[in-house]
Amino acid sequence: MSDVKIVLPESEIPRQWYNIMADLPAPPKPPLHPATKQPLQPQDLAPLFPMALIEQEASGQRWVDIPEEILNIYRLWRPTPLYRARRLEEALGTPAKIYFKYEGVSPAGSHKPNTAVVQAYYNKREGVRRLSTETGAGQWGSALSLACRLFGLECTVYMVKISYQQKPYRRSLMQVWGAEVIASPSDRTEAGRRILAENPDSLGSLGIAISEAVEDAATHDDTKYALGSVLNHVLLHQTVIGLEAKKQLALVGDYPDVVIGCHGGGSNFGGLAFPFVADRIAGRDVRAVAVEPAACPSLTRGPAAYDFGDTAQMTPLLYMNTLGHRFMPPGIHAGGLRYHGAAPLVSHAYELGLIEAKAYPQRSVFQAALQFARTEGLLPAPESAHAVRAAIDEALAAKEEGKPRTILFGLSGHGHFDLAAYDAYLSGQLEDYELPDEIIQRALAELPRV
Ligand SMILES: *Cc1c(COP(=O)(O)O)cnc(C)c1O
């Protein structure tokens, strides 16, 4: 019987990231300046990002070298294992082969450090002293806290207030790595003060926290901003996931019929799928499926349009599938993945028909997570469980057809900090939520006119 874990030696960590921009049959629409609505110039981003990342953001170069310093940091947890989920296959009685790439082995427990350490590295190299960022549930905040610690930078994290109150352990983790964690909205920034004046009890949102972190960076010379998803350079760094997975599958002589990733802002999905989408563009028969929550369905129900990345309308306008920058996902939703927009590169690939998208209500997602945990042992992050759900459904479809198929999905993180959500599911308190069309239409009415 072949191995359950397919592991690579450290010498096989990819030495270059893959940039899908070079292979897209048509270029995506450029980001626009929020005030002039003209295409963004590199210097417009200089207050927020170091030049190296601004260049990567606009780069059309197919392969980008991974600096030696980053390879050395990657070795702390990479290459990550690829698993064959034999026990799950057996439980499902499917003729399909199910592989999953597990990013939960990183110190922060998710794929996010793959880009956090790169962003910290380039900022450090360009003389930046402090990074500011936002975090929802805390995964990105903890990844960046770790990265700043590894490169000797200070780190300020604006954490959505409801999560700050409900998820104290991720806050502790950030503080262990030395970050300053601030509940958002806060009185530290103009954006935060404005929200608090309107509503002193505001529990915050990712959009508000982004506004605060961006303002903090823009108003301090020694500080820059870091974003954990959505942007081209973030997806570029995450392709290390898919490139490793390809090597691992090649070791066992396999190649997927379908590649599945959960989708919040698009970074773990893009990172896993884009190296395979490259083959699809070259004519190979491989599908890629992005899986999002039915409560925050940016790809499946949001139109492609220019929109802001944040509530206070400070970020550049990105052309993406969006539910509108004022969209607030329902509070009862426990499944993460709450950002209003999809990465421009993912949106563009979707528009070109290179990828598919699918949305699931949360109870079916947690049901899949439990089936996975009870067969494979690992407890998926609620975000990752969306991919588990879709992978199980692919395997059941193969069973129905009585035909084999090879499924690869991304297990983007573990759920050890998400047990409150599992508690809610196990005690029957988790509800599915039909997102009414009116709510989407109301948020879309506030899209900027371009
Ligand atoms: C943040 C996060 C996601 C969603 O972000 P993407 O940019 O869409 O990948 C998914 N899974 C885990 C474990 C996360 O921490």
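What you see below is based on every heavy atom in this structure, not just the backbone, and it leaves out hydrogens, waters and symmetry mates. When a ligand or atom number is given, it counts from 1 through the structure's own listing order. Everything quoted here is computed from the prediction, not taken from an experiment.
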So, for F276 and Y255, is the gap between ring centers shorter than 6.0 Å?
->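 Between F276 and Y255, the centre distance is under 6.0 Å.
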How about F308 and H325: are their ring centroids closer than 6.0 Å?
->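 They qualify: ring centres under 6.0 Å apart.
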Which distance, rounded to the nearest 0.5 Å, do you find between the OG of S184 and the CD1 of I210?
->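 Answer for the OG-CD1 pair, S184 versus I210, is 10.0 Å.
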Kindly write out the residues that satisfy side-chain hydrogen bond (donor to acceptor under 3.5 Å, both in side chains) with H348, not counting sequence neighbours, or none if the list is empty.
->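 Partners of H348 under the side-chain hydrogen bond (donor to acceptor under 3.5 Å, both in side chains) test: none.
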For ligand 1, list the protein residues that place a heavy atom within a distance below 4.0 Å of one of its atoms, sorted by chain and number.
->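 Its neighbours under 4.0 Å (heavy atoms only) are S110, H111, K112, Q139, S229, C262, H263, G264, G265, G266, S267, N268, L337, A381, E383, S384, S412, G413, given by chain and number.
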Qualifying side-chain hydrogen bond (donor to acceptor under 3.5 Å, both in side chains) pairs with a residue from residues 369-378, counting only residues at least two apart or across chains |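 Applying side-chain hydrogen bond (donor to acceptor under 3.5 Å, both in side chains) to every pair that reaches into residues 369-378, excluding sequence neighbours, yields nothing.
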Let me check something: any side-chain donor-acceptor pairs from residues 163-180 under 3.5 Å, sequence neighbours excluded? List them with distances.
{"residue": "S163", "atom": "OG", "partner": "G136", "partner atom": "O", "Å": "3.2"}
{"residue": "S172", "atom": "OG", "partner": "P168", "partner atom": "O", "Å": "2.9"}
{"residue": "E180", "atom": "OE2", "partner": "R188", "partner atom": "NH2", "Å": "2.4"}

